[in-house]
Amino acid sequence: MDAILGPECMNSNEKIQGWMPRERFDELFGALSALGYTCYGPQVRDHAIAYARITSSRELPRGVTDAQQPGSYRLTHTEGGRWFDWANGPQALKPLLFAPRESLWRVARDAQGRLSFTPAAERPAKIALIGARSCDLAALRLQDQHFLAGAYVDEAYAARRRNLLIVAVNCTRPASTCFCVSTGDGPRAASGFDIALTELADGFVAEAGSPVGGDILGTLVSGAASRVQVKDADEAIAQGAQQQVRSLPSRNLRDVLFDNLDHPRWDDVAARCLSCGNCTSVCPTCFCHRETEEPQLDGTASEHLREWDSCFTQGHSYIHGLTVRAATRERYRQWLTHKLGSWHDQYGRSGCVGCGRCIAWCPVGIDIVEEATALHGGGK
Ligand code: SF4
Ligand code: SF4
């Protein structure tokens with residue numbers, strides 16, 4: 001089957017879709033393992049779907065789906081026994097590349113008082129992530145822009161990114177909190193994957209997105225997908241798009257937000273917001289962090305740590321004895337005007353990919369779409 005999905009096809013700009021019968025899916029794990037990859041995939045963990053190490057399809061959340069609402073996430077069972085019949089859980093790809101807590105460097109003092117600095121020399125494992133959704137691929141492009149394309153390349157992120165292989169799965173069952181159609185980021189994975197799959201009842205329509213993805217699929221597909229299989233897959237994705245009930249009023253809200261910095265809606269949302277930072281933790285594009293020193297008590301060494309932070313914390317805007325954004329009103333406004341506004345200046349697009357996580361995982365159910373719509377002039 002190499003001729004169907006092998007590397008030659010990747011050079012021809014020709015999209016060729018193969019058919020992987022359900023009973024051959026487990027061979028994907030073996031093929032990735034043979035290439036030195038540790039597989040991560042979706043599993044049920046603490047009543048939610050999260051990515052964890054995985055060795056076979058038996059660990060996938062078979063026959064499991066989710067019900068998501070503002071401030072609410074529940075897993076339920078579904079008929080049909082599919083493996084990917086759910087929308088994203090709380091965990092994005094972000095923690096695999098931008099670690100929640102990591103050491104950047106260490107410093108040691110010798111007997112003469114001289115200091116020596118050593119960068120953290122992590123050798124990241126080769127990871128194959130199975131089940132990534134299109135919104136998270138869009139978020140990954142934004143994180144790549146932030147960590148890799150600026151004046152300074154983040155070496156820790158870059159090393160992990162080089163070792164990441166992505167098997168995307170197109171979304172056919174969005175949650176009620178999803179709105180990736182309105183941001184232009186889904187539900188079909190358009191780029192940024194090595195392999196993309198669309199699950200049907202008896203197998204997968206498979207597409208290669210890189211030469212290595214083509215090589216892997218070349219050994220797994222039984223042949224080209226039939227017209228009916230491709231049509232069924234396209235219809236399943238289109239139906240998923242039609243099921244989305246939320247949409248942002250515009251892909252570019254920059255001017256609207258900055259023209260309304262004194263809008264009464266900021267007080268309204270501040271009265272509900274707890275400044276807990278859940279929204280920024282689950283958001284696949286948020287990258288704010290703090291750096292701290294962890295010295296040894298005897299003064300001979302210290303470690304420089306980086307941890308995720310949030311624009312909702314008191315310390316995040318603390319400068320020279322002053323907390324610049326002391327009130328929740330200013331913190332929520334900072335988050336929204338950055339995410340949907342000034343990201344356009346920094347990265348050429350909004351910082352929201354429509355995954356809906358901040359809606360489901362906000363403990364008081366604050367809905368970014370509802371807030372943006374209200375500020376845009378169409379809300380309550
Ligand atoms: S702002 Fe909310 S919906 Fe948008 S990408 Fe972040 S978590 Fe997802
Ligand atoms: S919007 Fe919700 S999740 Fe975000 S800080 Fe406020 S209460 Fe927490």
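The figures here come from the full heavy-atom set of this structure, side chains too, leaving out hydrogens, waters and symmetry mates. Order of listing sets the numbers, starting from 1, for every ligand and every atom in it.
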Task: Protein heavy-atom partner closest to atom 7 (S) of ligand 2 - residue, atom, separation in Å - done: Leu274 N, 3.2 Å

- [ ] Of all the heavy-atom pairs spanning Tyr51 and Ile130, show the shortest one and how long it is.
- [x] CE2-O, 3.7 Å

Task: Selected option - heavy-atom contact closest to atom 5 (S) of ligand 1, from Leu336, Asn278, Val353 - done: Val353

Open item on the list: Looking at Glu371 and Lys339, is any side-chain nitrogen of the basic one under 4.0 Å from a carboxylate oxygen of the acidic one?
Closed with: no

Task: Residue part near ligand 2, for Cys358, under 4.0 Å between non-hydrogen atoms - done: neither

Task: Pi-cation contact, Trp83 with Arg22 (under 6.0 Å, within 45°) - done: yes

Open item on the list: Residue-level breakdown please: for Ile368 versus ligand 1, do any non-hydrogen atoms fall below 4.0 Å on the side chain, on the backbone, on both, or on neither?
Closed with: side chain

- [ ] Output the list of atoms in ligand 2 that are nearer than 4.0 Å to some heavy atom of Ser275, sorted by atom number.
- [x] 5 (S), 6 (Fe)

Open item on the list: At less than 4.0 angstrom from any non-hydrogen atom of Phe179, what atoms of ligand 1 do you find?
Closed with: 3 (S)

TODO: Assess Cys276: does it contribute an N, O or S atom lying under 2.8 Å from atom 2 (Fe) of ligand 2?
DONE: no

Task: Cationic N near anionic O, under 4.0 Å, Glu102 to Arg160 - done: yes

Open item on the list: Report whether any nitrogen, oxygen or sulfur of Cys355 sits less than 2.8 Å from atom 8 (Fe) of ligand 1 (N, O or S, backbone or side chain).
Closed with: yes

Open item on the list: Quick check on atom 6 (Fe) of ligand 2: does Cys273 put an N/O/S atom closer than 2.8 Å to it?
Closed with: yes

Task: Heavy-atom nearest neighbour in the protein, as seen from atom 3 (S) of ligand 1, with distance rounded to 0.1 Å - done: Gly356 N, 3.1 Å

Task: Ring centre gap for Phe204 and Trp19 strictly below 6.0 Å - done: no

TODO: Determine, for Trp308 and Arg290, whether the Lys NZ or Arg CZ falls below 6.0 Å from the six-membered ring centre while staying within 45 degrees of the axis.
DONE: no

- [ ] Answer whether the closest heavy-atom distance between the side chains of Leu97 and Leu140 falls below 4.5 Å.
- [x] yes

- [ ] Assess the pair Phe287 and Phe98: is the distance between their ring centroids shorter than 6.0 Å?
- [x] no

TODO: Measure the distance from atom 2 (Fe) of ligand 2 to every protein heavy atom, then report the residue, atom name and distance (to 0.1 Å) of the closest one.
DONE: Cys362 SG, 2.3 Å

Open item on the list: Quick test of your reading of the structure: of Ser281, Cys283, Cys279, Pro70, whose heavy atom lies closest to atom 4 (Fe) of ligand 2?
Closed with: Cys279

